[in-house]
Trainee: 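One structure follows; several queries about it will come next.
Below, all heavy atoms of this structure are taken into account, side chains as well, without hydrogens, waters or symmetry copies.
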Amino acid sequence: MAKNTYDSKAIEVLSGLDPVKKRPGMYTDTSCPNHLIQEVLDNSVDEAISGHCSNIKIKIEKDGFIKVSDDGRGMPVDIHPEHKVSGVELILCKLHAGAKFSGDEYNFSGGLHGVGVSVVNALSDLLQVNIKRDSKEYEMHFNNGDKKSELKVIGDVGLRNSGTTIRFKPNIKYFESDQINLKDLKHLLKAKAVLCPGLTIDFYHEKKKERIKWFFEDGLKSYLEDASDGIDLILEESILSSKDSKNQEVEFVINWTNKPPKNKLDETYVNLIPTALGGSHLNGFKSGLLDSLKEFCEYRSLIPKGLKINAEDVIANAIFVVSSKMQNPQFAGQTKERLDSKDHMSFVSSSTKDVLSIWFNKHTEEGEKIAELAIASAQARAKASSSVERKKTFKGPALPGKLSDCNSEDLNETELFLVEGDSAGGSAKQARERSFQAIMPLRGKILNTWDLESEEIIKSQEIKNLSTAIGVLPGSSDTTSLRYGKVCILADADSDGLHIATLLCALFLRHFKNLVKEGRIFIAMPPLYRIDCGKDVLYALDENQKDDIVEDFKGKKGKPKINIQRFKGLGEMNPSQLRETVMDPQTRQLVRLSVSATDNANAMMDLLLSKKNAAARKEWLEKKGSLVRI
């Protein structure tokens, strides 16, 4: 139960690696330890990008330890002039400590925030680091992020023998599973070798007795050829391009297939970091590709009158890899799944267009085949769009760009999730079942529509997009063109999220009454807490439910350790958690929005949202405000 008093004594300052242990989901993917391996690997790869490392070894040991070794320069072992501890201790025990901020030591690097390897240390039962440099070998041990032994010299090595070895065992209490996803890890290791020609990556799984080595002299081209083995490609020679400037580079390889392949190769990387959600480099690549093909088609009058080709049409049958390198890239989060560096988009776009415009004009026959594929895709899209248009009650703009639609049109199964924010929207897209679940991110708090007329609220772009997606006009009693059987409000479990959910409930109660009457509107119930006890994981919607779960866990034999994680918001939850708690019909909790003749819903909404009731609302808040429990 929350205290009524709130003063400076209540303020906590998390020091060292405590923030990581308190909120691991903000720093890494907690579904499995793969991302920890990637963080250590990225430091070694940064050495390779800078020309100081040519061999990296990854070993999965029988006892659960993971070992990553490189022959780079080795972490610094001298004492830092300001912090008075060795460089290696600073790197492993201090968040935002690294040599990659200024660009002096590393022109291009993936470890940008000085966070990654310290996160690995914080979330590991044990971590051992061995460093070879200056003809000596050093060793240091850590336990749950805390220093267990001082850095010491354990032997002599040759003058040219240098490098870093990190051996760690992930602490299972921070992860949903202790099993490494070997398929994803191997794919990542191969991609790193491809993107850094001349680098040898050696992988060994001790239990399975499996060893794989990757080494690619010609990089992306051979990678695409391997991935397209058995696929009917249009171009005999894939298009390969590399362009650089002082602070950024882009390299890509692309080819097209007659039919979209089942396992399509469409990967993007920034400083060898895989960006699963794309971002500005992918958008720039698509833009340059589209511009060059449209220019080629317009010059030859290939596009039928009235048909518009977009970037998705051009890449529908394409397989490609885009690798960008740049100083100080801006990622959407610590897991670096999406690039947000806006300036890089124009560089990639212009670089791509320059190369492909020349290529299309030199290879007109192949260019026309690619154009035919794009035109066929655009025609199929236009046909599908016209069928969607028939389901609307009004003529209006195309479906909103932010809407990630589902495949099914059966109202008995289709669901639209209105998600608070782009970050949560990205996770929800990964968590959804594409066949029947659609996602539409909303930008912050929508307009308060309780006192407004339906003709007035459609002027709001956010509400106009929402209305278009649903297929029903505000104020209309006709729901025959409804596009989804369920409309689910998905907002954070905190006070801001509840405010957004209230505004959306007001919108539907006032302007989409028939959808409420038909039982089409639902509110998802995301958890506020995750409670781990041994191998048991439970979620709690609020403080009381959390306390009940903790009490139950305390009654278990052996008094196992209980770990409680409070979610800051939907964006902090990884896709698997989001799927389990709010999207999977088998495990989620949905509350149907309904109104009966006996409740006082309208009176309550008047009190909460009507501008006329400001005085009454103030009085109510003064009397009831202390009852809130968030």
Trainee: So which atom in Pro170 and which in Pro33 form the shortest heavy-atom distance, rounded to 0.1 Å?
Mentor: CG-CB, 3.8 Å
Trainee: Can you name the nearest heavy-atom pair linking Leu290 to Ile309, along with the distance?
Mentor: CD1-O, 3.7 Å
Trainee: Check this for me, if you would: do Glu267 and Lys190 make a salt bridge, where the nitrogen-to-carboxylate-oxygen distance has to be below 4.0 angstrom?
Mentor: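 Here Glu267 does not pair with Lys190 in a salt bridge, since their nearest N and O are not under 4.0 Å apart.
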Trainee: Tell me yes or no: between the side chains of Thr28 and His35, is some donor less than 3.5 Å from an acceptor?
Mentor: yes
Trainee: Using a 3.5 Å distance criterion without hydrogens, assess whether the side chain of Ser377 forms a donor-acceptor pair with backbone atoms of Leu373.
Mentor: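 Flag not set: sc Ser377 to bb Leu373 has no pair under 3.5 Å.
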Trainee: Which of these, Leu403, Leu466, Ile489, Ile439, sits in a side chain to side chain contact (heavy atoms under 4.5 Å, CB included) with Leu416?
Mentor: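 Only match with Leu416 under side chain to side chain contact (heavy atoms under 4.5 Å, CB included): Leu403.
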Trainee: Spell out, as yes or no, whether a donor-acceptor pair under 3.5 Å connects the side chain of Ser350 to the backbone of Phe347.
Mentor: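 Answer holds: yes.
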Trainee: Starting at CD of Gln379, measure out to CD1 of Ile303 and round the result to the nearest 0.5 Å.
Mentor: 10.5 Å
Trainee: Tell me the closest heavy-atom pair linking Cys53 and Ser44, and the distance in Å.
Mentor: SG-O, 4.1 Å
Trainee: Do Glu312 and Lys286 sit within salt-bridge range, that is, some charged N less than 4.0 Å from a carboxylate O?
Mentor: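 A salt bridge is present here (some side-chain N lies under 4.0 Å from a carboxylate O).
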Trainee: Can you see which heavy atom on Ser238 is nearest to which on Leu224, and at what distance?
Mentor: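 Here Ser238 and Leu224 meet closest at OG-CD2, 3.2 Å.
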Trainee: Look at the rings of Phe203 and Trp214 and say which category their plane angle falls in: under 30° parallel, 30 to 60° tilted, over 60° perpendicular.
Mentor: tilted
Trainee: Is there a side-chain contact between Cys32 and Phe175 (heavy atoms, below 4.5 Å)?
Mentor: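 No. Closest side-chain heavy atoms not under 4.5 Å.
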Trainee: Look up atom CD1 in Ile375 and atom CD in Glu368, then write down how far apart they are to the nearest 0.5 Å.
Mentor: 9.5 Å
Trainee: Indicate yes or no for a side-chain donor-acceptor contact from Asn255 to the backbone of Leu235 under 3.5 Å, with no hydrogens or angles considered.
Mentor: yes
Trainee: Side chain of Asp29, backbone of Ser31: donor and acceptor closer than 3.5 Å?
Mentor: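 Judged by distance alone, yes, a pair lies under 3.5 Å.
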Trainee: Do Pro585 and Glu433 have side chains that get closer than 4.5 Å, going by heavy atoms?
Mentor: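 No. Closest side-chain heavy atoms not under 4.5 Å.
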Trainee: To the nearest 0.5 angstrom, please state how far the CG atom of Asn310 sits from the OG atom of Ser287.
Mentor: 12.0 Å
Trainee: Do Phe168 and Ile37 have side chains that get closer than 4.5 Å, going by heavy atoms?
Mentor: yes
Trainee: Checking Asn317 side chain against Asn258 main chain: does a donor-acceptor pair fall under 3.5 Å?
Mentor: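 Yes; at least one donor-acceptor contact below 3.5 Å.
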Trainee: Would you mind checking if Glu176 and Arg530 are paired as a salt bridge, meaning a charged N to carboxylate O distance below 4.0 Å?
Mentor: yes
Trainee: Between Phe296 and Leu302, does a side chain to side chain contact (heavy atoms under 4.5 Å, CB included) hold up when you go through it step by step?
Mentor: CA-CA 9 Å; Phe296 174 78; Leu302 299 176; 4.0 Å; yes
Trainee: Measuring only between side-chain heavy atoms, which start at C-beta, is Trp256 closer than 4.5 Å to Glu366?
Mentor: no
Trainee: Which heavy-atom pair separates Cys406 from Phe436 by the least distance, and what is that distance?
Mentor: CB-C, 3.6 Å
Trainee: Is Glu462 close to Leu442 at the side-chain level, that is, under 4.5 Å between some pair of heavy atoms?
Mentor: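 Heavy-atom side-chain distance check passes, below 4.5 Å.
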Trainee: Please determine whether side chain to side chain contact (heavy atoms under 4.5 Å, CB included) holds for the pair Lys259 and Asp232, giving the CA-CA distance in whole Å, both sets of side-chain angles, and the decisive distance to 0.1 Å.
Mentor: CA-CA 8 Å; Lys259 293 180 180 179; Asp232 183 19; over 6 Å; no
Trainee: Determine whether a donor-acceptor pair (N or O, by modelled atom type, separation under 3.5 Å) exists between the side chain of Asp70 and the backbone of Thr164.
Mentor: yes
Trainee: Evaluate the criterion side chain to side chain contact (heavy atoms under 4.5 Å, CB included) for residue pair Leu282 and Thr275; output intermediate values, then yes/no.
Mentor: CA-CA 9 Å; Leu282 176 59; Thr275 44; over 6 Å; no
Trainee: We want to know whether Glu237 and His363 form a side-chain donor-acceptor pair, criterion being a heavy-atom distance below 3.5 angstrom.
Mentor: no
Trainee: Would you confirm whether Ser50, through its side chain, and Asp46, through its main-chain N or O, come within 3.5 Å as a donor-acceptor pair?
Mentor: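 Confirmed, Ser50 side chain pairs with Asp46 backbone.
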Trainee: Salt bridge or not between Lys186 and Glu210? Use side-chain N to carboxylate O under 4.0 Å.
Mentor: yes
Trainee: Cut-off 3.5 Å, side chains only: do Glu39 and Asn43 have a donor facing an acceptor?
Mentor: no
Trainee: In the structure I gave you, are the side-chain heavy atoms of Leu265 and Ser228 within less than 4.5 Å of one another anywhere?
Mentor: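 Counting from C-beta outward, Leu265 and Ser228 never come under 4.5 Å.
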Trainee: Taking the side chain from Thr414 and the backbone from Gly485, do they hold a donor-acceptor pair closer than 3.5 Å?
Mentor: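 Checking the backbone N and O of Gly485 against the side chain of Thr414, a donor-acceptor pair under 3.5 Å is found.
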Trainee: Do the charged groups of Asp313 and Lys308 touch, with an N to O distance under 4.0 Å?
Mentor: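 The answer is no: the pair does not qualify as a salt bridge.
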Trainee: Using the side-chain hydrogen bond (donor to acceptor under 3.5 Å, both in side chains) criterion, which residues pair with Asn181? Sequence neighbours excluded.
Mentor: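 side-chain hydrogen bond (donor to acceptor under 3.5 Å, both in side chains) check on Asn181 returns Asp184.
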Trainee: Check step by step if side chain to side chain contact (heavy atoms under 4.5 Å, CB included) holds for Ile60 and Leu185.
Mentor: CA-CA 11 Å; Ile60 311 297; Leu185 177 60; 4.3 Å; yes
Trainee: Please examine the side chains of Ser292 and Lys353, heavy atoms only from C-beta on, and report whether any two atoms are closer than 4.5 Å.
Mentor: yes
Trainee: Is there a donor-acceptor pair closer than 3.5 Å between any side-chain N or O of Ser124 and the backbone N or O of Val120?
Mentor: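 Yes, because the side chain of Ser124 sits within donor-acceptor range (under 3.5 Å) of the backbone of Val120.
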Trainee: Hey, does the side chain of Arg432 reach the backbone of Ser404 with a donor-acceptor pair shorter than 3.5 angstrom?
Mentor: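 Yes; at least one donor-acceptor contact below 3.5 Å.
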Trainee: For the residue pair Pro274 and Gln38, what are the closest heavy atoms and their distance?
Mentor: CD-NE2, 3.8 Å
Trainee: Looking only at the side chains, is there a donor atom on one of Ser408 and Asp410 sitting less than 3.5 Å from an acceptor on the other?
Mentor: no
Trainee: Could you check whether any side-chain heavy atom of Phe567 comes within less than 4.5 Å of a side-chain heavy atom of Asp492, counting everything from C-beta outward?
Mentor: no
Trainee: Between Thr30 and Asn574, do the side chains contain a donor N or O and an acceptor N or O under 3.5 Å apart?
Mentor: yes
